[in-house]
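Report on the structure given below.
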Amino acid sequence: MDSIVVTGGGELNGQIPIAGAKNACLTLMPATLLSDEPLTLTNAPRLSDIKTMTELLQSLGAEVTSLAEDKVLVLSSHNADNPLAHYDIVRKMRASNLVLGPLLARHGKAIVSLPGGCAIGARPMDIHTMALEKMGAKIELKDGYLHAVAPKGLQGARIDFPFASVGATENILMAATLAKGTTEIYNAAREPEIVDLADCLRKMGAQIEGDGTSIITIQGVDRLGGATHPVVTDRIELGTYMLAPAFTGGEVELLGGRLDLVGAFVEKLDAAGIDVTETAGGLMVKRRSDVIKAVDIVTEPFPGFPTDLQAQMMALLCYADGTSVLEEKIFENRFMHAPELIRMGANIEVHGGTATVQGVKSLKGAPVMATDLRASVSLILAGLAAEGETVVSRVYHLDRGYEHVVSKLRGVGAQIERIKS
Ligand code: UD1
């Protein structure tokens, strides 16, 4: 298995281009199942999760063609007649569950493997199924698969989510575009990826209002057409690389970066002593002094501080002056990076969903590994400022969510390389 070696020290200066959002692309791709006409996605990120979604859609009978070095995906579902999403693919990636709503809307039938737990928590699908049942689907769990049918098609309904789930909002939004009548989603998630999905669905002919707020209204239509849509900027990749110069000093411009995607995160950077300014091409980041200030973080649904940036921020706060308290409110088991950072000399105590980080003057490079994507990248960031070499193994996690991580960081002066094995 490949590993990544980071040698700490040295400022970072220059520009990093930010890719299209993994999490947006993973919900835009299944939208192809809603139409017989082609859907073209531009600005797609080059990631293994996108390949997994491609494989899943192909197994359902869809055609997926990659163009322009995989930055453009042309998807067509006119021959997609298989409603079975097999465990062999779904187990690799939880976002596979995003085919459930579109399959049910299109065929009146879907057989989708439950994804099971993952490193960061149990992650059930109860609120997806509750909402689809309200829309008239009958759903049974057999042999680890959700067997869903809607023989008379889906009906519009009022859906009250107990909390704002990103994936459930996306699944219901897609399903409701072809349902009979009006669907209202209360307590909808407000993430930019949901707004991006709604924008794309509108181009395909869907009638949607209120995306980006907690009440989304969808008026079902008989059919959807094709569209061409650019995937929104990846706010998590953006936030991750915004942190890089905070660790090392220097000035880095994030090309394509937008403040509205990272508002709560930028507030915390400001409190930690890191300046973010808008430029013609994106966002420029530099720290105000060598001292990072301790800050407290609570993860929340958008527009709050994203759980997907918690690990990276914790890595920075390991170097802060003072004590920071991080509360993880979205996932029950999302501090796996803490023991690895401790191996590098960090002072962190974890109790349940709360981590207390007492800043130290420096960390020391070490062999480390992580069991999820964001945890892995947090170790690379920590390594940028650590003394000596940090060797991050289990690199396949990074490949799921960060395209060209080595060349992007090398481009601003980091000493980082990938070792093939
Ligand atoms: C999406 C993102 C992920 C991000 C997360 C929260 C994608 C592909 N993934 O994941 O990167 O970390 O949002 O911002 O977009 N839950 C239930 N029952 C359900 C559904 C969810 O209990 O039916 C729980 C989950 O276990 C979790 C919480 O709700 O604790 C939030 O999950 P959700 O917003 O659904 O996240 P995902 O869509 O899986």
Fill in the blank from the handout: Between the CD1 atom in Ile416 and the CD atom in Glu389, the distance rounded to the nearest 0.5 Å is 11.5 Å
Practice task
Go through Phe265 and Met313 one step at a time and tell me if the side chain to side chain contact (heavy atoms under 4.5 Å, CB included) criterion holds.
Solution key: CA-CA 9 Å; Phe265 175 68; Met313 191 72 183; 4.1 Å; yes
Exercise for the section: Find out whether Gln415 and Arg410 are in side-chain contact, i.e. whether some heavy atom of one side chain is under 4.5 Å from a heavy atom of the other. Expected result: no
Exercise for the section: State plainly whether the residues Asp2 and Arg394 are in salt-bridge range, i.e. N to O under 4.0 Å. Expected result: no
Problem - Sidechain N-carboxylate O distance under 4.0 Å for Asp372, Arg400 - result: no
Practice task
Taking atom CD of Glu133 as the centre, report whether more than 12 heavy atoms of other residues, nucleotides or ligands fall under 6.0 Å from it.
Solution key: yes
Practice task
Could you tell me whether the side chains of Thr307 and Arg334 share a donor-acceptor contact shorter than 3.5 Å?
Solution key: yes
Practice task
List the steps, then state whether salt bridge (charged side-chain N to carboxylate O under 4.0 Å, His left out) holds for Lys51 with Asp399.
Solution key: CA-CA 11 Å; Lys51 292 210 160 54; Asp399 295 336; over 6 Å; no
Exercise for the section: Determine the sole option in Ser165, Pro306, Pro301 for which the side chain to side chain contact (heavy atoms under 4.5 Å, CB included) test with Ile330 is passed. Expected result: Pro301
Problem - Side-chain (Asn43) to main-chain (Val231) donor-acceptor, under 3.5 angstrom - result: yes
Problem - Least distance between heavy atoms, Thr390 atom then Gly383 atom - result: OG1-CA, 3.5 Å
Problem - Shortest non-hydrogen contact from Leu56 toward Ser96 - result: CD2-CB, 3.6 Å
Exercise for the section: For the residue pair Leu398 and Val377, establish whether any side-chain heavy-atom pair is separated by less than 4.5 Å. Expected result: yes
Exercise for the section: State whether the number of non-hydrogen atoms from other residues, nucleotides or ligands found under 6.0 Å of Asp321 atom CG is greater than 12. Expected result: no
Exercise for the section: Measure the CG-CD1 distance between Leu173 and Ile159 for me, rounded to the nearest 0.5 Å. Expected result: 12.0 Å
Practice task
Look at atom NZ of Lys92 and say whether more than 12 heavy atoms of other residues, nucleotides or ligands are closer to it than 6.0 Å.
Solution key: yes
Practice task
Identify the two heavy atoms, one from Leu373 and one from His397, that lie closest to each other, and give their separation to 0.1 Å.
Solution key: CD1-O, 3.1 Å
Problem - Note, Leu41 side chain near Val72 side chain (heavy atom, < 4.5 Å) - result: no
Exercise for the section: Please tell me if the side chains of Leu75 and Glu63 come closer than 4.5 Å, counting only heavy atoms from C-beta onward. Expected result: no
Problem - Any donor-acceptor N/O pair, Thr27 side chain to Ala24 backbone, under 3.5 Å - result: no
Practice task
Kindly indicate whether the side chain of Phe335, heavy atoms from C-beta on, has any atom under 4.5 Å from the side chain of Glu328.
Solution key: yes
Practice task
Could you please spell out the steps behind the side chain to side chain contact (heavy atoms under 4.5 Å, CB included) verdict for Met29 and Thr54?
Solution key: CA-CA 8 Å; Met29 291 173 75; Thr54 298; 3.4 Å; yes
Handout entry: Residue pair Thr217 / Glu209, side-chain donor-acceptor N/O under 3.5 Å
Key = no
Problem - Residue pair Leu132 / Leu154: nearest heavy atoms and the distance that separates them - result: O-CD2, 4.4 Å
Problem - Backbone of Arg235 reached by a side-chain donor or acceptor of Thr233 within 3.5 Å - result: no
Exercise for the section: Would you kindly say whether Glu387 and Ser362 are connected by a side-chain donor-acceptor distance under 3.5 Å? Expected result: yes
Practice task
Let me see the working for Arg106 and Asp36 under salt bridge (charged side-chain N to carboxylate O under 4.0 Å, His left out), right down to the final yes or no.
Solution key: CA-CA 10 Å; Arg106 181 186 171 110; Asp36 278 338; 3.1 Å; yes
Handout entry: Any donor-acceptor N or O pair under 3.5 Å, side chains Thr279, Glu253
Key = yes
Exercise for the section: Evaluate whether atom NZ of Lys329 has more than 12 neighbouring non-hydrogen atoms of other residues, nucleotides or ligands under 6.0 angstrom away. Expected result: no
Practice task
Please answer whether the main-chain N or O of Val295 pairs with a side-chain N or O of Ser324 as donor and acceptor at a distance below 3.5 Å.
Solution key: yes
Handout entry: Nearest non-hydrogen partners of Ser35 and Glu37, listed with the distance
Key = OG-N, 2.9 Å
Problem - Note: Glu403-Lys408 ion pair, threshold 4.0 Å (strictly below) - result: yes
Problem - Spacing of CG belonging to Asp211 relative to CG belonging to Asp199, to within rounding of 0.5 Å - result: 6.5 Å
Exercise for the section: Decide whether Ser393 and Ser3 meet the rule of one side-chain donor and one side-chain acceptor closer than 3.5 Å. Expected result: no
Exercise for the section: Evaluate the side-chain proximity of Arg158 to Thr182: yes if any heavy-atom separation is below 4.5 Å, no if none is. Expected result: no
Practice task
Please check if any side-chain donor atom of Ser378 sits under 3.5 Å from a side-chain acceptor atom of Gln312, or the reverse.
Solution key: no
Practice task
Test Ser59 against Glu55 for side chain to side chain contact (heavy atoms under 4.5 Å, CB included), laying out the working first.
Solution key: CA-CA 6 Å; Ser59 77; Glu55 202 188 324; over 6 Å; no
Practice task
Would you give the length of the straight line joining atom SG of Cys318 to atom NE2 of His337, rounded to the nearest 0.5 angstrom?
Solution key: 8.5 Å
Exercise for the section: With the side chain counted from C-beta on, respond yes when Thr323 and Val357 share a heavy-atom pair under 4.5 Å apart, and no when they do not. Expected result: no
Exercise for the section: Please answer whether the main-chain N or O of Pro17 pairs with a side-chain N or O of Tyr241 as donor and acceptor at a distance below 3.5 Å. Expected result: no
Handout entry: Side chains of Asn187 and Asp160 in contact at under 4.5 Å (non-hydrogen atoms)
Key = no
Handout entry: Asn82 side chain vs Leu60 backbone, donor-acceptor pair below 3.5 Å
Key = no
Handout entry: Separation of Glu267 CD from Asp270 CG (nearest 0.5 Å)
Key = 8.5 Å
Practice task
Scan side-chain atoms only and decide if Thr240 and Tyr402 contain a donor-acceptor pair under the 3.5 Å cut-off.
Solution key: yes
Handout entry: Backbone N/O of Val232 and side chain of Asp196: donor-acceptor pair under 3.5 Å
Key = yes
Exercise for the section: Please name the pair of heavy atoms, one in Ala244 and one in Leu12, separated by the smallest distance, quoted to 0.1 Å. Expected result: CB-CD1, 3.7 Å
Exercise for the section: Test Leu201 against Leu34 for side chain to side chain contact (heavy atoms under 4.5 Å, CB included), laying out the working first. Expected result: CA-CA 9 Å; Leu201 292 169; Leu34 296 165; 3.7 Å; yes
Problem - Asp49 vs Lys22, salt bridge (charged side-chain N to carboxylate O under 4.0 Å, His left out): CA-CA, chis, key distance, verdict - result: CA-CA 8 Å; Asp49 271 8; Lys22 168 178 87 75; 3.5 Å; yes
Handout entry: Exam field: side chain Glu251 to backbone Lys286, donor-acceptor pair closer than 3.5 Å
Key = no
Exercise for the section: Spell out, as yes or no, whether a donor-acceptor pair under 3.5 Å connects the side chain of Arg190 to the backbone of Ser214. Expected result: no
Practice task
Please check if the side chain of Asp234 supplies one atom and the backbone of Ala19 the other of a donor-acceptor pair under 3.5 Å.
Solution key: no
Handout entry: Atom pair CD/OG1 of Gln219 and Thr183 - distance to nearest 0.5 Å
Key = 8.5 Å
Exercise for the section: Given salt bridge (charged side-chain N to carboxylate O under 4.0 Å, His left out), test Asp296 with Lys268 step by step and report yes or no. Expected result: CA-CA 8 Å; Asp296 295 340; Lys268 292 296 177 183; over 6 Å; no
